[in-house]
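This report refers to the structure that appears directly beneath it.
Every number for a ligand or one of its atoms is a count from 1 in the order of the listing.
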Amino acid sequence: MEESKVVEEKFSPPIRMIFVTNSEVKEALARYQGRILGVLSYSAVDPGLPAEGLVHVWVPLEVIGAEVCHEIWISESPVNVRRHGEFNYSADGDYLFGCYVYREHGLEELDDRAYSIYSGIFELLDSQGYSALLRVWNYFPLINGAGRSIERYREFNVGRHEAFYAKGRAIVEGNVPAACALGTDRGYLVIGFLAGREKGIAIENPRQVNAYGYPGEFGPRSPTFSRGMLVGDALLISGTASIVGSKTVHPEDIMGQLDETLENLRMVDSMARGKGFRERELRGLYLNVYLRRVQDLGAVQKKLEADFGIDVKVCYMRADICRSDLLIEIEAFWFPVSEGDE
Ligand code: 3EB
């Protein structure tokens, strides 16, 4: 009985990600050569990885309390790396990982820019047959700064939202990717994305209004992301913050925001378990912690170590969060651990 049930489900093969430091990155690139979907490098200065044959994005954020962190996304199968217009991407037959870097000249219309980038992403995905957008990384400078008439994050949301509709993606449950959106200090707009031939299982959080259903007070068009996505046996949890319903709670209180964020992460995890997520080993859990203020590092680190122990890998970064009253955002990636994994 068990077996026939498994056969009916669509098969999405495992995808993995590891964090490595600057001193480990060369060895890791060699070890996984030919199977790397992409690398996101978090670093205040360009880490200068070899660009040839590698989809690589430099995310210009300062890593705090540790070495530069590289996030390496790994496939089970051989990966082909290609270029398509402005995009570098790789594909392995099941997943496609791409990136786009726009070197802004001054602060221009982010709604138009987001619209054209997201339209381009959807065109690429549709042309290659990986039409399910699973996870997006959004980084751009001065996210809380003023745009032409509204905040730049809100401007970005307008263009992103419109592109979904323009490219035939209804903004409804199960149809929006997991994501994060953070503000950097310097001038590049960076977008990374993971897509699949098969859809993932989108996760929402009953403690929060779905982001694409946020009311108008948060901008003319809602952000288009889900709270998490199950991809094969992996759980990809979106940037998560101290929001209950649609409102920010505990403004100016880092520990209050951290507790609320952890409550939201636990709820997303529990909803994912209701939809088939199984992993319990903390060794397979990776967290990216974005802090608006460097001075909050010590207290946050202490609390996370007390809650999770030392098995969990954590990368702390200084970033602007997309609402000006948010001090912290945490995203999580949780992969099954197999025997033999270090
Ligand atoms: C929130 O819950 C916090 O605009 O893509 C988290 C993850 C947030 C993704 C996005 C925004 C985004 O609304 C902010």
Report yes or no: is the cationic atom of [X] (NZ for Lys, CZ for Arg) under 6.0 Å from the centre of the six-membered ring of [Y], at an angle within 45° of the ring normal?
{"X": "Lys313", "Y": "Tyr286", "value": "yes"}
{"X": "Arg113", "Y": "Tyr102", "value": "yes"}
{"X": "Arg323", "Y": "Phe218", "value": "yes"}
{"X": "Arg197", "Y": "Tyr130", "value": "yes"}

| said: Can you confirm whether the side chains of Arg292 and Asn144 place a donor and an acceptor under 3.5 Å from each other? | reply: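 Note: Arg292 and Asn144 side chains meet the donor-acceptor criterion.
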| field | Thr240 and Glu331: side chain donor to acceptor below 3.5 Å | value |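 Note: Thr240 and Glu331 side chains miss the donor-acceptor criterion.
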Note the single closest protein heavy atom to [atom], along with its residue, its atom name and the distance in Å.
{"atom": "atom 6 (C) of ligand 1", "value": "Gly239 O, 3.2 Å"}
{"atom": "atom 3 (C) of ligand 1", "value": "Ile243 CD1, 3.8 Å"}
{"atom": "atom 13 (O) of ligand 1", "value": "Tyr214 OH, 2.6 Å"}
{"atom": "atom 14 (C) of ligand 1", "value": "Cys322 SG, 3.1 Å"}
{"atom": "atom 12 (C) of ligand 1", "value": "Phe225 CE2, 3.2 Å"}

| request: Select the closest option to atom 2 (O) of ligand 1 among Arg227, Glu331, Arg160, judged by heavy-atom distance. | output: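 Result: the heavy atom closest to atom 2 (O) of ligand 1 is in Arg227.
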| Distance, nearest 0.5 Å, that separates CG of Asn264 from CG of Asp259 |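 These two atoms lie 11.5 Å from each other.
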| query | Below 6.0 angstrom between ring centroids: does that apply to Trp334 and Phe277? | reply |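 Judged by ring-centre distance (under 6.0 Å), Trp334 and Phe277 do meet the cut-off.
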Distance filter under 4.0 Å to [X] heavy atoms, resulting ligand 1 atoms:
{"X": "Pro223", "result": "4 (O)"}
{"X": "Glu329", "result": "6 (C), 8 (C), 14 (C)"}
{"X": "Ala179", "result": "5 (O), 7 (C), 9 (C)"}
{"X": "Cys180", "result": "7 (C), 9 (C)"}

| request: May I ask you to check whether Tyr153 has an N/O atom sitting below 3.5 Å from an N/O atom of ligand 1? | output: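 So ligand 1 has an N or O lying under 3.5 Å from an N or O of Tyr153.
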| task | Check Gln208 against ligand 1 and report side chain, backbone, both or neither, counting heavy atoms closer than 4.0 Å. | result |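 Gln208 to ligand 1: no contact under 4.0 Å from either part.
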